[in-house]
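Basis for what follows: all heavy atoms, side chains included, without hydrogens, waters or symmetry-related copies.
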Amino acid sequence: TSQGGLVDFILEYLSTGDLPEVRNYVCEVGFQDARFYLMPSGRFDNSYPEKLAKLNIGSLFSQDGRGPVLFDYLTKAIQSEFKPHYVLVDSRTGFTDSGGVCTRYLPDLVIVFLGLNRQNRVGAKQIIQSIKNQEAAPKGKSVPFVFLVVTPVPTGIDEQVSMVMAETSRMLKEEILAQIPYDSTVAVSESIFKDEKGIGASYTNIVDLIRGWNESDIVRQLADARHWIDQGNKNMARLLLQKVSDIDSEDPRLLTSFF
């Protein structure tokens, strides 16, 4: 991007006191016929480690109160500028100040990825408890929903894996909603995989879970509209299609003839 990414966005605000123009820190990433926008962590030049070291996210929230102002502005500016269907935030692993912002201040839904070893399970339990602590929730923010995903799941030892997963679910007091199998090719590749089986199907399942949870999801709304048409209730279908149009009037799926 022209001015870097999130690190540069925050430092610009701290140095000037002015809320920066979000679009300057976001780039468009084309993929097939979809539109994706990316705010990277920052400009990866020789000064990046020094800039990263200057940030103290915790103090922005605990001391001077500028954190809520900045991140509330960021979320509203993203909605206004880009009107995204979803905003995905990649949080650092473990307990960090930035992780707290990503898992408690910003999201409506947190997807917790964890392995089946004890260290992962203990850490995940502490993080989930922190997320769901209503008393510690940021002012004016509701407690996010939590989805639990186990990865990577080894193959060839199904009985042992089933036992450990059941134990993990009891320990975390959460249902494991999805699992991603171990795929050796992913460990040595950074390309986008398109397989419809195995690991590809696992990620598709996670997408479906998110869509099922989100009542405003466009794909879900269109499917419901089709259902009402099949049931002969075109008025209900029109209401749903109007909701989709309100969300994104440029969505190409609205060009489909439903009537």
Side-chain angles (χ1 to χ4, degrees), residues 26 28-39 71 74-76 78-79 81-93 98-116 120 124-125 127-128 130-132 137-138 141-153 165 168-169 172-183 186 192-227 240-241 243-248 250-254 256:
V26 174
E28 185 170 354
V29 182
F31 180 71
Q32 297 181 356
D33 61 347
R35 291 185 312 231
F36 293 92
Y37 296 95
L38 172 69
M39 175 180 272
F71 283 96
L74 175 61
T75 55
K76 292 176 182 177
I78 289 174
Q79 181 61 40
E81 286 277 344
F82 305 103
K83 298 179 173 58
H85 298 172
Y86 287 92
V87 177
L88 306 180
V89 180
D90 184 16
S91 174
R92 290 182 62 188
T93 302
S98 60
V101 176
C102 295
T103 59
R104 295 174 61 189
Y105 195 84
L106 294 176
D108 299 304
L109 170 68
V110 178
I111 301 180
V112 178
F113 293 87
L114 76 153
L116 290 175
N120 268 247
K125 181 178 181 179
I127 289 174
I128 291 171
S130 174
I131 293 172
K132 292 193 169 186
K141 301 290 182 178
S142 58
V143 175
F145 288 87
V146 174
F147 282 5
L148 202 60
V149 178
V150 173
T151 182
V153 177
M165 288 184 65
T168 300
S169 185
L172 273 56
K173 299 180 181 179
E174 292 284 338
E175 179 183 0
I176 297 174
L177 297 178
Q179 52 183 291
I180 302 172
Y182 175 76
D183 187 327
V186 175
I192 297 176
F193 47 86
K194 303 178 181 178
D195 63 311
E196 297 179 356
K197 299 180 180 180
I199 193 170
S202 298
Y203 279 102
T204 298
N205 180 46
I206 295 173
V207 171
D208 290 341
L209 286 169
I210 296 171
R211 284 178 170 165
W213 165 82
N214 180 14
E215 295 181 353
S216 299
D217 180 83
I218 285 182
V219 172
R220 176 177 173 179
Q221 298 278 7
L222 292 175
D224 289 345
R226 174 59 66 187
H227 166 76
L240 289 172
L241 291 175
K243 287 178 65 176
V244 174
S245 180
D246 292 342
I247 295 171
D248 188 349
E250 298 180 1
D251 193 295
R253 286 164 290 194
L254 292 177
T256 304

Heavy-atom check, side chain of [X] versus side chain of [Y], under 4.5 Å:
| X | Y | result |
| --- | --- | --- |
| Ile210 | Tyr86 | yes |
| Val153 | Tyr182 | no |
| Leu106 | Phe71 | yes |
| Val110 | Phe147 | no |
| Ile176 | Val149 | no |
| Pro84 | Gln79 | yes |
| Ile78 | Tyr37 | no |
| Arg104 | Ser130 | yes |

Separation between CE (Met39) and CZ (Phe82), nearest 0.5 Å, reads 7.5 Å

State the OG1-CD1 distance between Thr103 and Ile127, to the nearest 0.5 angstrom. 7.0 Å

Ignoring hydrogens and angles, tell me if any N or O in the side chain of [X] forms a donor-acceptor pair with the backbone of [Y] under 3.5 Å.
| X | Y | result |
| --- | --- | --- |
| Thr204 | Gly200 | yes |
| Thr151 | Gln179 | no |
| Glu175 | Leu148 | no |
| Arg211 | Arg220 | no |

Step by step, would you call Val26 with Leu38 a side-chain contact (heavy atoms from CB on, under 4.5 Å)? CA-CA 5 Å; Val26 174; Leu38 172 69; 5.9 Å; no

[X] and [Y]: which non-hydrogen atoms are nearest, and at how many Å?
| X | Y | answer |
| --- | --- | --- |
| Arg35 | Glu28 | CG-OE2, 3.8 Å |
| Ala124 | Leu114 | CB-CD1, 3.8 Å |
| Asn205 | Ala178 | ND2-CB, 3.7 Å |
| Pro144 | Ile131 | CD-CG2, 4.0 Å |
| Cys102 | Val89 | SG-CG1, 3.6 Å |
| Val146 | Leu109 | N-CD1, 4.3 Å |

Step-by-step side-chain contact (heavy atoms from CB on, under 4.5 Å) determination, Asn120 to Phe113: CA-CA 9 Å; Asn120 268 247; Phe113 293 87; over 6 Å; no

side-chain contact (heavy atoms from CB on, under 4.5 Å) between Gln221 and Asp217: does it pass, once the steps are laid out? CA-CA 6 Å; Gln221 298 278 7; Asp217 180 83; 5.9 Å; no

Could you walk me through whether Phe36 and Leu88 pass side-chain contact (heavy atoms from CB on, under 4.5 Å), step by step? CA-CA 11 Å; Phe36 293 92; Leu88 306 180; over 6 Å; no

Do Glu81 and Lys76 sit within salt-bridge range, that is, some charged N less than 4.0 Å from a carboxylate O? no

